[in-house]
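Heads up, the thing below is written out as structure tokens.
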Amino acid sequence: MTATVSQQDAVLLLLQSRPAGLTPIEALNEVGCFRLAARVGELRTLGHNIVTVNETRDGRTWARYRLLPGPVSGPLPKNEQRFLWGDR
């Protein structure tokens, strides 16, 4: 029997292995996750420190999620936001 990895676990592994962060299209291509924001929200609820960086290029904007090593200390740069579940 083969053990399966949940999308939540797969997303966490990707975030841990990518200091630059993870975009929704990367999550879709690599682990088939259509709802990265939902998985990130679940991980935040579990206590993981994940920031959202909004990126814009050629008039298009998307989110990049980064896992930080510990609790947020001090203000984040202007283009980074940290949402707690339900804070939007």
First locate atom [atom1] of [X], then atom [atom2] of [Y], and finally report the distance between them rounded to the nearest 0.5 Å.
X	Y	atom1	atom2	result
N49	R66	CG	CZ	10.0 Å
L22	I50	CG	CD1	9.5 Å
S6	E42	OG	CD	8.5 Å

CA sep, side-chain torsions, deciding dist, call: L67, L12, side chain to side chain contact (heavy atoms under 4.5 Å, CB included): CA-CA 8 Å; L67 178 66; L12 181 58; 4.2 Å; yes
Closest contact, heavy atoms only, V31 versus A10: CG1-CB, 3.7 Å
For the student: nearest non-hydrogen atoms of A63 and P24, plus distance: O-CD, 3.2 Å
Beyond-backbone contact of L43 with Q8, side-chain heavy atoms, under 4.5 angstrom: yes
Partner residues of E55 under the side chain to side chain donor-acceptor pair (under 3.5 Å) criterion, sequence neighbours left out: W62, R64
All side chain to side chain donor-acceptor pair (under 3.5 Å) counterparts of T61, not counting sequence neighbours: T56
Transitive ILVMFWY cluster of F34, excluding itself - 4.5 Å side-chain cut-off: I25, L28
Under 3.5 Å side-chain donor-acceptor pair for T52 and R44: yes
